[in-house]
Each structure stands twice: as C-alpha cells, then as structure tokens.
Amino acid sequence: SLRRASPGGHAPLSGSSRAAPKLPGAVVNVALWDMGGPMLGPREGMTDGRNVRLNAGHTTVRHGTVSFLVTNGGSINHEAVVLPDDHVVGTRPMGGDAKIDETGSLGEASRTGGEGAGEGIVPGASSWLTITLAPGQHELVCNLPGHYTAGMHTQFTVT
C-alpha cells in the first residue's frame, strides 16, 4: 500500500503553528531520529556513539507526483534530500565539510514547519516537499555534517 504510515505520520508539528497541508500524489512518510552521545565536529565526518536513522515508510512509489512528509523525532536537526541514485547507496564521496555533493538534487525538505529547503528540521517538527519523479532508483539522505556517513540514507524505487 502506497500510503502506509511510518512513525511520525501526519501528526501536528511541534515547534510550529503550521501543520502539513494535504500533500498531492503518493505520500512517503519519512522518519528521522537519533539517540546517544553528541555528534563530533564536521572534520570527523562521523558520529560519536550517536545512533542516527532515516526510515521511509515505503521504498517503492509510482512515477509522477510524489510528496515526502519528513518528521524529525530526534534531539538534533536533520533534513531529507532526494538524489538520483548514481552511486551504490551509502557510498557517495565525502567532502572536507563531512557532507556529500548534492549536485543533481531533485529536492530537499529542511525547512522547519514548511516546504522545501531551509536550515534543518528542528527536533519534533516536520518539513515536506512535492516533486515529480521519473522511473528509476533514487537515494534519500540527511546531508548535515557527518549524518550520511553515520547511516542516514536509504534507497527507493520509482516504477
């Protein structure tokens, strides 16, 4: 089922007076979270005992209009970036800033309580984006420093 909910679902957004609108197309619920110790600085490009995760409610959608509702259930800021899958998932090269290259990004949900790009989704809040996707493989990632290498990425298929 395309509309299977994941943790975070369509709950009201804390930290914001704005709730997610009714989103068009297939809706993919994305849960971001972290547990454990503090993140190391950007130079280390990894986590220090912090377990970070990105989970898509489903990993296959039909081509066309797709909306991502991204909820941060963690204790630090996160984001979700949609990239074409031109690498083996989880193996994109890391830059000196402990982030991967976002060239070719198809969209980003990182505006607390709003749509599109921003400064990161604060804990307890959500962001969303709606894009048109062609068939193929894609990668959904958190690209804040060190988060990608810590495992915040997943592959999804557009049929």
Side-chain angles (χ1 to χ4, degrees), residues 2 4 6-8 23 25-112 114-159:
L2 254 187
R4 184 174 66 217
S6 67
L23 298 170
V27 176
V28 177
N29 291 297
V30 180
L32 310 172
W33 71 94
D34 55 83
M35 299 181 307
M39 297 290 288
L40 287 175
R43 289 238 171 256
E44 288 79 8
M46 56 192 304
T47 60
D48 178 22
R50 184 174 293 274
N51 182 14
V52 294
R53 292 289 178 258
L54 181 153
N55 180 48
H58 50 276
T59 57
T60 303
V61 295
R62 285 187 49 87
H63 68 279
T65 302
V66 179
S67 294
F68 294 86
L69 177 59
V70 183
T71 302
N72 182 358
S75 61
I76 59 176
N77 287 5
H78 292 293
E79 68 179 8
V81 180
V82 181
L83 298 168
D85 191 8
D86 51 2
H87 290 78
V88 173
V89 174
T91 65
R92 291 176 186 267
M94 193 62 45
D97 59 357
K99 295 170 64 173
I100 59 172
D101 183 357
E102 291 183 16
T103 300
S105 167
L106 303 172
E108 177 176 333
S110 61
R111 180 181 309 278
T112 295
E115 182 173 10
E119 297 299 313
I121 306 166
V122 300
S126 295
S127 180
W128 55 90
L129 82 136
T130 300
I131 55 179
T132 301
L133 292 174
Q137 300 296 318
H138 297 78
E139 189 172 11
L140 187 61
V141 308
C142 179
N143 198 25
L144 295 181
H147 294 207
Y148 182 80
T149 56
M152 290 192 80
H153 51 78
T154 193
Q155 183 179 54
F156 68 97
T157 302
V158 180
T159 59

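The basis for the numbers below is simple: all heavy atoms, side chains too, and nothing from hydrogens, waters or symmetry mates.
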Item to check | Validation row: T159, R62 side chains within 4.5 angstrom (heavy atoms) | outcome: yes
Checklist entry - Between N72 and H78, what is the shortest heavy-atom contact and its length? => result OD1-CD2, 3.3 Å
Checklist entry - Which atom names give the shortest non-hydrogen contact between V27 and L23, and what distance separates them? => result CG2-O, 3.8 Å
Next on the checklist: Taking the side chain as everything from C-beta on, heavy atoms only, tell me whether P145 gets closer than 4.5 Å to D97.
Outcome noted: no
Next on the checklist: Taking side-chain contact (heavy atoms from CB on, under 4.5 Å) as the criterion, tell me which of I131, V81, V70 meets it with E108.
Outcome noted: V81
Item to check | side chain to side chain contact (heavy atoms under 4.5 Å, CB included) against T132, all qualifying residues, sequence neighbours excluded | outcome: T65
Checklist entry - So, the side chain of Y148 versus the backbone of C142: is there a donor-acceptor pair under 3.5 Å, distance only? => result no
Checklist entry - So, T154 and N55: side-chain donor and acceptor under 3.5 Å apart, yes or no? => result no
Item to check | Closest non-hydrogen atom pair, N77 against P123 | outcome: OD1-CD, 3.5 Å
Item to check | For H138 against L133, the heavy-atom pair lying closest together | outcome: NE2-CD2, 3.9 Å
Next on the checklist: Can you pull out every ring-ring contact (aromatic ring centres under 6.0 Å, His included) where at least one residue sits in residues 80-102? Sequence neighbours excluded, please.
Outcome noted: none
Next on the checklist: Can you give me the closest heavy-atom contact between H147 and V52, atom names plus distance?
Outcome noted: O-CG2, 4.2 Å
Checklist entry - Which heavy atom in S75 sits nearest to a heavy atom in D34, and how many Å separate them? => result OG-OD1, 2.6 Å
Checklist entry - Distance from W33 atom CH2 to T71 atom OG1, nearest 0.5 Å? => result 11.5 Å
Item to check | With sequence neighbours excluded, residues passing side chain to side chain contact (heavy atoms under 4.5 Å, CB included) with T103 | outcome: D101
Checklist entry - CG of L140 to CE of M152: how many Å apart, nearest 0.5 Å? => result 9.0 Å
Next on the checklist: Just so I know, are the side chains of V28 and H58 near enough to count as touching, which here means a heavy-atom distance under 4.5 Å?
Outcome noted: yes
